[in-house]
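Structure first, then comments.
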Amino acid sequence: MAAYNLTSSDPSTFILNGIPGLEAAHIWISIPFSMSYIISLLGNFTVLFVVTKEQTLHKPMFLLLCMLALTDIGLSTCVVPKALCIFWFCSKGITVDGCLTQMFFLNAVAAIQSAILVTMAFDRYVAICEPLRYATILTNARIAKLGLVGLLRAVLLVLPEPLLLRRLPFCANHVIPHTYCEHIAVVKLLCGDTTVNRTYGLVIIFVVIGLDLTLIGLSYGLIIRAALRLSSKKVHQKALNTCTAHICVMLMSYSPSLFSALTHRFGQGIATHIHVLLANLYILVPPMLNPIIYGVKTKELRDKIGKYTCRM
């Protein structure tokens with residue numbers, strides 16, 4: 001325990017408590033964690049492998065699916081291995097630099113994923129509402145540039161978070177009641193005025209989630225309006241299938257993260273273990289289900305995966 005006898009002026013280690021109040025059940029909780037992580041890796045690496053191998057899938061939509069798969073892998077890998085170490089081995093210590101690094105990469109990957117979801121919504125809008133111009137509006141090169149813009153936006157927005165945390169000393173309590181270094185949980189360990197840290201965290205939430213959800217809603221609103229104006233049942237069905245798959249992904253991606261972020265700040269009456277479980281749902285469920293949803297809903301990808309499965 002000497003390693004955890006830290007001072008407020010020079011802390012060297014934080015302690016991640018896992019899921020407070022459910023410590024006795026950690027070994028059982030690790031089962032869905034590990035299974036979700038394995039399914040996520042298998043599903044997303046399958047998408048990456050099939051799209052890479054099949055020349056006919058080298059199209060903007062499938063390039064976006066590959067980018068989404070990479071962010072899903074990164075999102076879960078930032079959290080789940082350390083969480084399993086907590087559950088299995090009670091390895092709760094994490095250095096301050098390691099904590100801030102985990103927080104930066106986790107939030108940056110989440111911001112990149114949000115930008116990709118916006119681009120996917122725009123891709124579907126062009127495909128359904130402007131099909132004749134699709135090949136000229138959305139090319140692989142343009143999708144790659146949009147991906148770089150999303151990466152740059154994420155780094156510029158998220159990098160100030162750990163830098164702002166470094167400007168104040170940490171208090172004597174170095175216990176984080178979480179499975180990973182969530183921003184507001186680390187802010188609560190600071191000694192001094194944390195108004196700037198809390199405000200900037202909210203700004204990121206509303207800039208990334210608020211703006212991106214607005215753009216996504218606008219895209220699907222235009223898709224539905226365009227589909228309803230046409231008499232073709234085929235177009236109606238295509239629009240419905242597109243919106244159903246994407247809306248499922250949006251709900252899985254944004255609802256837990258937005259609810260968790262806001263309840264950490266304003267939901268004082270909600271139990272801590274509920275906060276933590278909701279935050280982990282955002283890490284576990286979308287990376288696991290995204291490749292399944294798109295694999296089922298996207299016929300070309302489904303057929304190619306079936307071909308490789310039959311070969312094996």
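All figures in this text were calculated on a predicted structure; none of them were measured in a lab.
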Minimum heavy-atom separation for Val187 to Leu165, with atom names? CG2-CD2, 3.7 Å
Any Val80 side-chain heavy atom under 4.5 Å of Leu84 side chain: yes
Using the salt bridge (Lys or Arg N to Asp or Glu O under 4.0 Å) rule, collect all pairs that involve residues 137-155, keeping only residues at least two apart or in two chains. Arg153-Asp212
Check whether any side-chain heavy atom of Thr179 sits under 4.5 Å from a side-chain heavy atom of Asn280, and report yes or no. yes
His174 side chain reached by Thr13 side chain, heavy atoms, under 4.5 Å: no
Would you sort out whether Cys99 and Ile176 count as a side-chain contact (heavy atoms from CB on, under 4.5 Å), showing the intermediate values? CA-CA 10 Å; Cys99 184; Ile176 301 175; 4.0 Å; yes
Enter the distance from Ile184:CD1 to Leu202:CG here, rounded to the nearest 0.5 Å. 7.5 Å
Atom pair NE2 (His273) and CG (Leu278), whose distance is rounded to the nearest 0.5 Å: 10.0 Å
Between Glu182 (side chain) and Ala185 (backbone), is there a donor-acceptor pair under 3.5 Å? yes
Quick one: ring-ring contact (aromatic ring centres under 6.0 Å, His included) pairs with a partner in residues 35-66, sequence neighbours left out? Phe49-Tyr308
Minimum heavy-atom distance between Pro20 and Val276, given as atom pair plus value: CD-CG2, 4.0 Å
Could you check whether any side-chain N or O of Thr95 sits under 3.5 Å from a backbone N or O of Gly98, counting only pairs where one atom can act as donor and the other as acceptor? yes
Between CZ on residue Arg124 and CG on residue Leu222, distance to nearest 0.5 Å: 15.0 Å
Quick one: does any side-chain atom of Asn140 pair with a main-chain N or O of Leu63 as donor and acceptor, under 3.5 Å? no
I'd like to know if the side chain of Tyr200 reaches the main chain of Leu157, judged simply by a donor and an acceptor atom lying under 3.5 Å from each other, with no hydrogens or angles considered. yes
State, yes or no, whether a side-chain contact exists between Ile27 and Trp88 at a heavy-atom distance under 4.5 Å. yes
Determine yes or no for a side-chain-to-main-chain donor-acceptor pair under 3.5 angstrom, with Gln102 supplying the side chain and Cys78 the backbone. yes
Using atom types as modelled and distance alone, determine if a side-chain donor or acceptor of Ser40 lies under 3.5 Å from a backbone N or O of Ser36. no
Cys181 SG to Leu16 CG distance, which is reported to the nearest 0.5 Å: 5.0 Å
What I'd like to find out is whether the side chain of Leu117 reaches to under 4.5 Å of the side chain of Leu68, using heavy atoms alone. yes
Identify the two heavy atoms, one from Cys129 and one from Ile223, that lie closest to each other, and give their separation to 0.1 Å. SG-CA, 3.9 Å
Donor-acceptor under 3.5 Å (Ser114 side chain, Ala111 main chain): no
Using the rule that Ile, Leu, Val, Met, Phe, Trp and Tyr join whenever any side-chain heavy atoms are under 4.5 Å apart, tell me whether Ile137 and Leu218 fall into a single cluster. yes
In one Ile/Leu/Val/Met/Phe/Trp/Tyr side-chain cluster, 4.5 Å: Ile209, Val149: no
Look only at the side chain of His26 and the backbone of Ile19, and say whether a donor-acceptor pair between them is shorter than 3.5 Å. yes
Indicate, with yes or no, if Leu215 and Phe206 share a hydrophobic cluster defined by side-chain heavy-atom contacts under 4.5 Å among Ile, Leu, Val, Met, Phe, Trp and Tyr. yes
Look at the side chain of Glu161 and the backbone N and O of Leu159, then say whether any donor-acceptor pair between them is shorter than 3.5 Å. no
Val79 side chain reached by Tyr282 side chain, heavy atoms, under 4.5 Å: no
Any chance you could measure Ile112, atom CD1, to Leu152, atom CG, to the nearest 0.5 Å? 10.0 Å
What do the steps show when you test Glu300 against Leu57 for side-chain contact (heavy atoms from CB on, under 4.5 Å), and what is the final call? CA-CA 8 Å; Glu300 289 178 85; Leu57 297 183; 4.0 Å; yes
What are the two closest heavy atoms between Pro60 and Asp123, and how far apart are they? CB-OD1, 4.2 Å
Hydrophobic clustering (ILVMFWY, side-chain heavy atoms < 4.5 Å, transitive) - are Leu42 and Leu70 grouped together? no
CD/Glu23 to NZ/Lys92 distance, rounded to the nearest 0.5 angstrom? 6.0 Å
What do you reckon, is CZ of Arg133 surrounded by more than 12 foreign heavy atoms closer than 6.0 Å? no
Shared ILVMFWY cluster between Phe33 and Ile38, side chains joined below 4.5 angstrom? no
Over all heavy atoms of both residues, which pair between Leu211 and Val207 is shortest? Give the atoms and the distance, please. CB-O, 2.9 Å
Kindly give the heavy-atom pair with the smallest separation between Ile128 and Pro131, and that separation in Å. O-CD, 3.6 Å
Checking Thr77 side chain against Gly74 main chain: does a donor-acceptor pair fall under 3.5 Å? no
Check whether any side-chain heavy atom of Met67 lies under 4.5 Å from a side-chain heavy atom of Ile143, and answer yes or no. yes
Checking Leu106 against Ile283 for the side-chain contact (heavy atoms from CB on, under 4.5 Å) test, could you report, in this order, the C-alpha distance in whole Å, the side-chain angles of both residues, the deciding distance, and whether it holds? CA-CA 9 Å; Leu106 179 62; Ile283 302 298; 3.6 Å; yes
Flag side-chain contact, heavy atom, 4.5 Å: Leu65 against Met120: yes
Decide yes or no on side-chain contact (heavy atoms from CB on, under 4.5 Å) for Phe170 and Val96, but give the supporting numbers first. CA-CA 10 Å; Phe170 291 98; Val96 174; 4.2 Å; yes
Does a donor on one side chain and an acceptor on the other come within less than 3.5 Å for Thr195 and Asp193? yes
